[in-house]
2 protein chains.
Amino acid sequence: MFSQSEENYLKAIYHLGNPSQKGVSTSDIANKLDTKASSVSDMIKKLSDKKLVEYKKYYGVNLTKKGKLIAASVVRKHRLWEVFLVDKLNFTWDEVHDVAEQLEHIKSKKLMEELDSFLGFPKTDPHGDPIPDKDGNLQTIEKTLLSNLKKGESGICIGVKDSSSDFLQYLDKQNIKLGDQIKVMDKEAFDESTHIQIANRNMNISKKIAANLYIQLQ
Amino acid sequence: MFSQSEENYLKAIYHLGNPSQKGVSTSDIANKLDTKASSVSDMIKKLSDKKLVEYKKYYGVNLTKKGKLIAASVVRKHRLWEVFLVDKLNFTWDEVHDVAEQLEHIKSKKLMEELDSFLGFPKTDPHGDPIPDKDGNLQTIEKTLLSNLKKGESGICIGVKDSSSDFLQYLDKQNIKLGDQIKVMDKEAFDESTHIQIANRNMNISKKIAANLYIQLQ
DNA sequence: ATTAATAATTAGACAAGACTAAAAAATTAT
DNA sequence: ATAATTTTTTAGTCTTGTCTAATTATTAAT
Ligand SMILES: [Mn+2]
Ligand SMILES: [Mn+2]
Ligand SMILES: [Mn+2]
Ligand SMILES: [Mn+2]
């Protein structure tokens with residue numbers, strides 16, 4: 001079994017791991033976990049001894065197969081709990097993260113299997129992020145940022161890149177929800193804002209908003 | 001906020017606290033938490049500094065108002081989670097304890113309020129133990145051990161004293177459930193076993209079993 | 001190709017929470 | 001009342017995970 005701290009490091013490396021080959025840097029991990037680089041160095045050594053990461057001094061770190069499986073399991077738990085909180089306990093999508101950060105460390109195989117079933121085997125969490133299956137596999141959905149769409153293109157809003165309270169509450173205020181149909185009507189050259197039609201309403205959104213909404217093209 | 005360890009100590013003191021005046025002894029706490037007396041001494045000092053317990057060296061320990069409230073809140077969470085696991089996630093009553101030991105430390109006011117509501121504001125957990133309310137108050141139900149009943153007396157089985165897997169599984173095997181109507185038909189002087197009629201079945205139970213079943217007299 | 005800047009690692013310290021062994025206090029037995 | 005036993009506390013050590021400060025390696029700039 002692994003400590004909460006070890007699990008948090010593995011998860012951070014999992015999230016920071018790029019599709020390219022390069023290892024995740026010490027400072028990126030430190031930044032993500034809001035800790036110091038020296039602490040990260042220490043922990044990486046420990047994870048390396050336990051064969052959870054591949055580590056070559058000064059050249060960053062990569063998860064081993066085993067490390068990746070543990071990380072994916074923590075992410076799976078985090079996202080399943082988020083679904084539970086929203087679907088069953090009336091949490092809003094901007095309230096779930098902190099509680100899920102705690103719940104993701106609960107150790108019980110049966111609990112997660114039963115919860116998964118109780119929730120109807122959801123495939124994505126309230127923010128549109130995919131839920132890894134028991135073997136750590138993610139279903140990859142073709143998606144792109146709204147800011148990449150050209151005038152006239154349309155699709156469905158299926159996720160958020162930033163899931164900060166501020167952004168999520170902005171979306172609530174504008175009544176923008178996952179599942180909404182979106183079409184790009186025009187793009188302003190001057191301020192790089194976008195005119196969109198969403199669920200039959202017209203609105204103008206800033207560059208920053210468009211850069212944080214994931215769209216499934218149609 | 002308090003650490004898991006601090007919460008576990010407070011809970012142990014809460015459970016060991018007798019209605020009489022005497023403080024809870026160091027060794028009883030050590031025994032309950034499966035730790036050493038020296039560790040208990042250290043922690044008691046810490047809890048005393050934080051005004052969570054009243055402590056006089058060599059004379060045991062008592063919870064302060066604040067300490068009692070925290071302990072009751074942990075017990076509340078433990079028991080509400082047990083109800084959740086049994087009522088919603090198909091756990092049996094002998095499977096819930098270890099997971100509840102973890103879940104009881106999750107910190108979120110909203111979570112527990114919503115869970116309480118989701119479960120329909122249960123008053124007792126799957127073992128018949130009362131669930132403290134938000135202010136730490138327990139509703140006291142008049143109950144006595146089956147071993148205290150005299151020939152001819154009857155009542156309803158409302159709880160278990162021992163909630164070990166072994167005992168709970170024994171009850172399952174004998175199909176003895178909380179809520180069952182029980183009447184004492186006879187008591188054997190020789191082995192101190194009891195003949196009972198339960199839910200219209202007749203059976204003989206040992207002294208030890210009778211000493212671990214709570215009955216509400218009628 | 002050196003030098004300057006940045007990033008990563010090591011060294012040393014600290015807090016929480018546990019342990020063993022030793023000392024001190026309280027309780028029980030004679 | 002004194003001695004023996006049990007319980008509790010203290011002293012000192014260890015592990016985990018963190019930090020600051022100093023050192024070393026890598027990368028960027030001249
Ligand atoms: Mn989250
Ligand atoms: Mn999420
Ligand atoms: Mn329990
Ligand atoms: Mn219980």
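The sequence lines fix the lettering, A, B, ..., with proteins before strands; numbering per chain opens at 1.
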Q: Can you tell me the distance, in whole Å, between the CG atom of B:Asp42 and the P atom of D:dT7?
A: 19 Å
Q: May I ask you to evaluate whether B:Lys36 reaches the phosphate of C:dT20, defined as a side-chain N or O under 4.0 Å from OP1 or OP2?
A: yes
Q | Nearest-Å distance for atom pair CD/C1', residues B:Glu6 and C:dA15 | A | 12 Å
Q: Please tell me which of the listed nucleotides, C:dA18, D:dC19, C:dC19, lies nearest to the side chain of B:Met43?
A: C:dA18
Q. How many angstroms lie between CG in B:Leu33 and OH in B:Tyr9, if you round to the nearest 0.5 Å?
A. 6.0 Å
Q: Using a cut-off of strictly less than 4.0 Å, decide whether B:Tyr9 has a side-chain nitrogen or oxygen near OP1 or OP2 of C:dA18.
A: yes
Q. For B:Asp34 and C:dC19, what is the distance between atoms CG and C1' respectively, to the nearest whole Å?
A. 13 Å
Q.
Parallel, tilted or perpendicular: which one describes the rings of A:Phe84 and A:Trp81, with boundaries at 30° and 60°?
A. perpendicular
Q: Mind calculating the distance between NZ (B:Lys22) and P (C:dA26) to the nearest angstrom?
A: 14 Å
Q: Report which part of the nucleic acid B:Ser39 touches: base, sugar-phosphate, or nothing (heavy-atom distance under 4.0 Å, all strands).
A: base
Q: Would you mind reading off the distance between B:Glu7 atom CD and C:dA16 atom P, rounded to a whole angstrom?
A: 16 Å
Q: In whole angstrom, give the distance that lies between atom CZ of B:Phe2 and atom C1' of C:dA16.
A: 16 Å
Q.
Reading DNA chain D from 5' onward, which residue's closest nucleotide shows up sooner: A:Ser3 or B:Val40?
A. B:Val40
Q. Going by distance alone, is a donor N or O of one side chain under 3.5 Å from an acceptor N or O of the other, for A:Ser164 and A:Asp166?
A. no
Q. Do the side chain of A:Ser38 and the base of D:dT20 come within less than 3.5 angstrom through a donor-acceptor pair of N or O atoms?
A. yes
Q. Are OP1 or OP2 of D:dT16 and a side-chain N or O of A:Ser5 less than 4.0 angstrom apart?
A. no
Q.
Whole angstroms only, please: what is the CG-P distance between B:Leu47 and C:dA16?
A. 12 Å
Q. Tell me, do A:His127 and A:Glu82 make a side-chain contact under 4.5 Å, heavy atoms counted?
A. yes
Q) Between B:Thr26 and D:dT9, is there a side-chain N or O to OP1/OP2 distance below 4.0 Å? A) yes
Q: For A:Lys68, look at atom NZ and say whether over 12 heavy atoms of other residues, nucleotides or ligands are found less than 6.0 Å away.
A: no
Q: Output the single nucleotide from C:dA24, C:dT9, C:dC19 whose closest atom is nearest the side chain of A:Tyr58.
A: C:dT9
Q: Would you please confirm or rule out a distance under 4.0 Å between OP1 or OP2 of C:dA8 and any side-chain N or O of A:Ser27?
A: yes
Q: Measure from the side-chain heavy atoms of A:Lys57 and tell me the nearest of C:dA26, D:dT24, C:dT10.
A: C:dT10
Q. Please give, in whole Å, the distance from D:dT15 P to A:Asp49 CG?
A. 14 Å
Q. Would you say A:Lys45 reaches C:dT10's phosphate, i.e. side-chain N/O to OP1/OP2 under 4.0 Å?
A. yes
